[in-house]
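These notes concern the structure reproduced below.
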Amino acid sequence: MALREQQVELAARVSLHDALPCPLRRIAGLDVGFEDGGATTRAAAVLIDARTGSVIEQHVARIETRMPYIPGFLSFRELPALVEALAMLSSTPDLVFVDGHGVAHPRGLGVAAHIGVETGLPVIGVAKKVLVGEFEEPGPMPGDRTPLLYKGQRIGTVLRSKLRCRPLIVSPGHRVSHETAFEQVLVRLAGYRLPEPTRLADRLASRRDAASRA
DNA sequence: GCGACAG
DNA sequence: ATCTTGTCGC
């Protein structure tokens, strides 16, 4: 079966309804990086205590890259490593933040949405650039936002997370509403453009963090 | 046909 | 994503 047909089927399983535990206990951040000029895919998973914000544990999964990057099909390239890293966590997170789009995708299945339907966990997609859709530039203040529209439908939120920084594109991955998605990102901002879960996973995935340089 | 195109 | 130091600006 062709990949785009798989996307359409998987996308039909995505839920935009909130299904998160009231007091969130643990949240996770996921991101991918590459080594050996792309031959090796490196996925990072960071587990954070939702109440204190402290890191509980973090892992890195490294596997052979199986597919090239094709716009619109990113999840098939990164999913294997991401699932591997997620499985390394000793406890399941109540909410997962993924670097990339959720439903803000041509066929509604960005990496965040793909991981969501694959694991059944609540997921939020946090991307740095738009893939598809139109929007009005949001105001300059952190928290300012405008809806991302595509074919007459809302597919995400263009969110200003930091002053003088390009806005983030936030979209539900699975079991989360548009409202909850950007609100959760706002709550996890710690003075940086990216929310903590994604920011920390990003540093671990790309090998420019203190730990891997040791 | 031309340009755009998450990471 | 990745190759890569310093540098301009707030």
Side-chain angles (χ1 to χ4, degrees), chain A residues 3-4 6-7 10-11 14 29-46 60-86 96-118 123-135 140-142 148-151 154-174 178 181-182 185 191-195 197-209 212-213:
Chain A
L3 293 184
R4 42 188 356 162
Q6 286 184 47
Q7 290 189 315
L10 290 170
V14 172
L30 261 42
D31 190 26
V32 168
F34 297 89
E35 300 177 7
D36 316 316
T40 301
T41 299
R42 175 188 171 105
V46 178
V60 173
R62 303 168 70 256
I63 66 175
E64 185 182 320
T65 303
R66 309 171 188 177
M67 190 183 296
Y69 165 65
I70 302 174
F73 296 91
L74 174 71
S75 69
F76 294 97
R77 172 178 163 84
E78 306 191 337
L79 203 61
L82 287 172
V83 170
E84 182 92 1
L86 190 56
V96 180
F97 291 70
V98 178
D99 186 301
H101 290 109
V103 300
H105 174 282
R107 291 167 292 285
L109 195 79
V111 247
H114 198 156
I115 289 183
V117 296
E118 209 77 346
V123 183
I124 293 175
V126 182
K128 309 179 203 65
K129 303 174 184 174
V130 172
L131 211 205
V132 289
E134 312 78 49
F135 65 94
M141 303 309 288
L148 177 63
L149 308 172
Y150 185 58
K151 294 182 175 177
R154 179 180 186 179
I155 60 173
T157 301
V158 180
L159 178 68
R160 185 77 65 189
S161 56
K162 184 179 181 183
L163 196 62
R164 288 181 227 82
C165 279
R166 288 178 300 115
L168 297 178
I169 313 306
V170 180
S171 64
H174 187 48
H178 284 290
F182 78 73
V185 168
Y192 297 91
R193 181 163 89 114
L194 299 178
T198 288
R199 192 179 74 83
L200 298 178
D202 191 67
R203 286 173 32 169
L204 248 192
S206 58
R207 50 191 327 180
R208 49 181 164 56
D209 65 294
S212 67
R213 280 183 304 182

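Protein chains get the first letters and strands the later ones, always in sequence-line order, with residue 1 at the start of each.
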Which residues satisfy the side-chain contact (heavy atoms from CB on, under 4.5 Å) test with [X], sequence neighbours excluded?
X: A:H101; value: A:A104, A:A127, A:L131, A:I169, A:S171
X: A:E118; value: A:L10, A:L79, A:H114
X: A:E35; value: A:T40, A:R42, A:R62, A:R207
X: A:L3; value: A:Q6, A:M67, A:F73, A:F76

- Contiguous pairing runs of three or more, Watson-Crick or G-U under 3.5 Å, that involve DNA chain B: none

To the nearest 0.5 angstrom, please state how far the [atom1] atom of [X] sits from the [atom2] atom of [Y].
X: A:L82; Y: A:T41; atom1: CG; atom2: OG1; result: 9.0 Å
X: A:L148; Y: A:F135; atom1: CG; atom2: CZ; result: 7.5 Å
X: A:I124; Y: A:F182; atom1: CD1; atom2: CZ; result: 11.0 Å

- Item | B/S/- contact track for nucleotides 1-7 of chain B, protein heavy atom under 4.0 Å | ----BBB

Name all residues meeting the salt bridge (charged side-chain N to carboxylate O under 4.0 Å, His left out) criterion together with [X]; count only those two or more places apart in sequence or in a different chain, and write none if there are none.
X: A:R77; value: none
X: A:R193; value: none
X: A:K128; value: A:D99

- Item | Under the side-chain hydrogen bond (donor to acceptor under 3.5 Å, both in side chains) test, residues paired with A:E84 that sit two or more places apart | none

Using a cut-off of under 3.5 Å, enumerate the N/O to N/O pairs linking the protein to nucleotides 6-10 of chain C.
{"unit_1": "C:dC10", "atom_1": "O3'", "unit_2": "A:R164", "atom_2": "NE", "d": "2.8"}
{"unit_1": "C:dC10", "atom_1": "O3'", "unit_2": "A:R164", "atom_2": "NH2", "d": "2.7"}

- Can you tell which of A:D31, A:T198, A:V60, A:L200 makes a side-chain contact (heavy atoms from CB on, under 4.5 Å) with A:V46? A:L200

- Query: So what is the 5' to 3' dot-bracket string for DNA chain C, if pairs are Watson-Crick or G-U wobble with both distances under 3.5 Å, crossing pairs use [ ] and | means the partner sits on another strand?
  - Reply: ..........

